[in-house]
Amino acid sequence: KNLTKEIEYVTTNKSGDTLKILAETGKTNTNNSDILELENVNGTISPNNKSEIEITSDFANFNYSNQNSKFYRNVIIKYENKEIISDSLDIIMKENIAIAYGNVKVNSDKGKMKAETITLNIITKDIKINSQDKINIITN
């Protein structure tokens, strides 16, 4: 009913890092007007003077009040020479982190890895791996 087409949302934090979200369609959440529900989503995180992070997913929720986003279903994150594939990705802008979880796979020119959860520092691109199962790394 309140569906909007071709959405573009851009926000910048205090450090000058920019989050840009493009979506085919979106609507305001009926239970929380701070949340925008998006479909067929492309996002770009542009840390101030650092390399960009590109994100695609089938769906995302963007929270106006805290600038956080949750991408879900068929999430693909690309930056530098790495690709992270997961079921979900939460971006917490104030903390400059992105948390990928659910069937996480990391592909790079150095190898492949699977984990339960990966936390990516948006600024430094450092990755923390969390997995109760054995982490499987396959080098090229």
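What you see is a predicted model; the values in this text were computed from it and never measured.
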Legend entry - Neighbour count above 12 (heavy atom, 6.0 Å) for K125 NZ: yes
Legend entry - Hphob cluster co-occupancy, L22 + I45, side-chain heavy atoms under 4.5 angstrom: no
Inset, instruction - Check whether V41 and Y101 end up in the same hydrophobic cluster, where Ile, Leu, Val, Met, Phe, Trp and Tyr are linked by side-chain heavy atoms less than 4.5 Å apart. - result: no
Legend entry - Under-4.0 Å salt bridge between K20 and E8: yes
Inset, instruction - Please determine, by modelled atom types, if E54 and T44 share a side-chain donor-acceptor pair under 3.5 angstrom. - result: no
Legend entry - Under 3.5 Å: donor-acceptor pair, side chain of K78, backbone of T56: no
Inset, instruction - Give the cluster check for I129 versus I85: same hydrophobic cluster or not, with ILVMFWY residues linked at side-chain heavy-atom distances below 4.5 Å. - result: no
Inset, instruction - Examine the side chains of N103 and D87 and answer whether a donor and an acceptor come within less than 3.5 Å of each other. - result: yes
Inset, instruction - Verify whether the ring centers belonging to F59 and F71 lie closer than 6.0 Å. - result: no
Inset, instruction - Determine the sole option in N29, T30, N32, T25 for which the side chain to side chain donor-acceptor pair (under 3.5 Å) test with E37 is passed. - result: N29
Inset, instruction - Would you give the length of the straight line joining atom CD1 of I97 to atom CD1 of I92, rounded to the nearest 0.5 angstrom? - result: 4.0 Å
Legend entry - Modelled atom types, side-chain donor and acceptor of D58 and N74, under 3.5 Å: yes
Legend entry - Cluster overlap V75 with M93, hydrophobic side-chain contacts below 4.5 Å: yes
Legend entry - Joint cluster assignment, Y64 & L38, ILVMFWY side-chain distance < 4.5 Å: yes
